[in-house]
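These numbers come from a predicted model, not from an experiment.
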Amino acid sequence: MLPYTPIHHLLFHEAAGRPDGTAWLERPQDLALVMTSANPGGEPLAIGNDEARRRLEGIADLIVDHDRDILIRADDSVMRVVAGAPAFLRRGRGHVPTPIRLPRSGPPVLAVGGHQKATVCLTRGDEAFLSQHIGDLDNAATLEFLEESVAHLRRILAVEPVAVAHDLHPDFQSTRFAESLGLPTLPVQHHHAHIAAVLAEQGEGGPALGLALDGFGLGPDGGSWGGEMLLVEGVGFTRLGHLAPLAQPGGDVAARQPWRMAAAALARMGRGAEIAGRFAASGPADGVRRMIEAGVNAPPTSSCGRWFDAACGILGVRAVAGFEGEAPMALESLGRRPTVLEGGWRIDGGVLDLTPLLESLLQINAQEGAERFHGTLAAALVAWAMPELAARGLDRVALSGGCLMNAVLAEALSAGLAARGVTALLPRRAPANDGGLSLGQAWVAVQSLLQEGPPPCVSPFPPA
């Protein structure tokens, strides 16, 4: 990063040896400063001096404090160029609470997002106010920050929501929070919300075709979804197709150990006997093989993220990930010039099967494999979507989900659609990942209230 506050300049100047004048700012310095947020991993920022001393004790050797209080927790915004234009990876300082204009005005609603990368959204007329990044709702501090963010938006906007939208998953902490507010609740399916968020910010009405590509979202059938082709029509959607299911051995742990997803892919290829030999050094490989073959603790998932993980495990990019998304990020960094493997996929009854692509990766190196995986995946998604677009006379596709933060995939997919006269609608004002879910939930809820009328008030909303 570059220093953007006076305190940054003072710290850089001190670390550079206090050179005279300002010419040192223009010269390369023989030092590297690594900056991180003032918080334990996975928890919100510390913003009070006393709070910082309490929470950072044993972590920070020195705390530089100030007599000017910080009022609101807000991480830096993070953006990258995707398909030729800026896109948010994380929306925060400098952009919140600038509203996102909705296609229509409607009753005020609150939406509370999902579980990971949580944000909340409060609407006022045709404006949607998306909060700053809150984080993963797996500790008490982040849940408290969620409540702070809702209270803050209500206070500064002087808005009382008439309903609250949340994810379909009943065990998400955000769902439980929504149910505790005493307001009518509106569950919104995860991938429907992803696509609705893009349509909301782009001012698009329906019907619209959407490709939602991410790691996990609960489907109405109780299944693990994540590679979905949806026809979105206002408050409803139709699942037109999905990626072929892969076993997820060990459940959620497979998302952090890509070798397990590679083992699942080998089993799908009919090469389960190779699992123990290939992955003996990575973990309990033969146990995982038996788990997959017996269908025990290995639920099927249509997740695009897990197909990425399988490719990473096969190519040896990462057997085990140190943080969420590490393996696919490493794969993306290798994919400079995407290539397309002819015959690298199969489409049958709306199901897109990438098994031929993964089997071909067994014979090539990591860089060639990364380029083949990205290019073939993009080409397969285009081939999958085109007949559905033609059948409905549509010429636009909304793209969202965490996999669309991958610039190599997003650019190849956009270019492939454009070559066939189809416009790709990508998230620009809200993140493609779960940080944009609350915007989509809010827009679905607004449309639902406009269609069905205001719901009855269950009990008063707790005072701000």
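Aromatic ring orientation, Phe172 versus Phe216: perpendicular (interplanar angle above 60°, classes split at 30° and 60°). Classification of the Phe308-Phe373 ring pair by plane angle, with boundaries at 30° and 60°, yields perpendicular.
A side-chain N or O of Arg268 and one of Thr355 form a donor-acceptor pair less than 3.5 Å apart.
Residue Leu168 comes nearest to Leu218 through the heavy atom pair CD2-O, 3.8 Å, listed as atom of the first residue, atom of the second, then distance. The two residues Gly435 and Thr119 make their nearest non-hydrogen contact at O-OG1, 2.9 Å. Here the closest heavy-atom approach between residue Leu354 and residue Ala380 is recorded as CD2-CB, 3.9 Å. Closest approach of Ser302 to Arg239, counting heavy atoms only: OG-NH2, 3.5 Å. Shown here for Ser174 and Gly114, the closest heavy-atom pair between the two residues is OG-O, 2.8 Å. Leu213 approaches Gly227 most closely through the heavy-atom pair CD2-CA, 4.1 Å.
Counting heavy atoms of neighbouring residues, nucleotides and ligands inside a 6.0 Å radius, atom CZ of Arg80 exceeds 12 of them. Atom CG of Asp252 sits in a sparse spot, with 12 or fewer heavy atoms from other residues, nucleotides or ligands closer than 6.0 Å. For CG of Asp65, the number of neighbouring non-hydrogen atoms (other residues, nucleotides, ligands) closer than 6.0 Å is greater than 12.
Here the two rings, on His190 and His194, have centers that are under 6.0 Å apart. Residues Phe237 and His191 keep their aromatic ring centres 6.0 Å or farther apart.
Atom CG of Leu137 is separated from atom OG1 of Thr175 by 9.5 Å, given to the nearest 0.5 angstrom. Note that the CZ atom of Phe145 and the CG atom of Asn139 stand 11.5 Å from one another [nearest 0.5 Å].
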Start with the C-alpha distance between Glu201 and Arg91, add both sets of side-chain angles, then the distance that settles salt bridge (charged side-chain N to carboxylate O under 4.0 Å, His left out), and finish with yes or no. CA-CA 14 Å; Glu201 69 157 272; Arg91 198 168 185 262; over 6 Å; no
Does Arg346 form a salt bridge (charged side-chain N to carboxylate O under 4.0 Å, His left out) with Asp353? I'd like the steps, not just the answer. CA-CA 5 Å; Arg346 296 186 287 262; Asp353 186 357; 3.1 Å; yes
From CA spacing to verdict: salt bridge (charged side-chain N to carboxylate O under 4.0 Å, His left out), Asp309, Arg318: CA-CA 9 Å; Asp309 289 335; Arg318 290 288 189 280; over 6 Å; no
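Proximity of Val109 to Gln441: side-chain heavy atoms (C-beta onward) are nowhere separated by under 4.5 Å. Side-chain contact check for Pro284 versus Arg290: every heavy-atom pair is 4.5 Å or farther apart. Within the 4.5 Å cutoff, no side-chain heavy atoms of Glu14 are placed close to those of Leu11. Within the 4.5 Å cutoff, no side-chain heavy atoms of Ile314 are placed close to those of Glu359. No side-chain heavy atom of Pro427 sits under 4.5 Å from any side-chain heavy atom of Phe88. For the pair Met79 and His95, the minimum side-chain heavy-atom distance is below 4.5 Å. In this structure the side chain of Thr98 reaches within 4.5 angstrom of the side chain of Arg429, judged on heavy atoms.
With Arg73 as reference, Glu148 is the one residue of Gln132, Glu148, His152, His133 to meet the side-chain hydrogen bond (donor to acceptor under 3.5 Å, both in side chains) rule.
Asp30 pairs by the salt bridge (charged side-chain N to carboxylate O under 4.0 Å, His left out) definition with nothing, not counting sequence neighbours.
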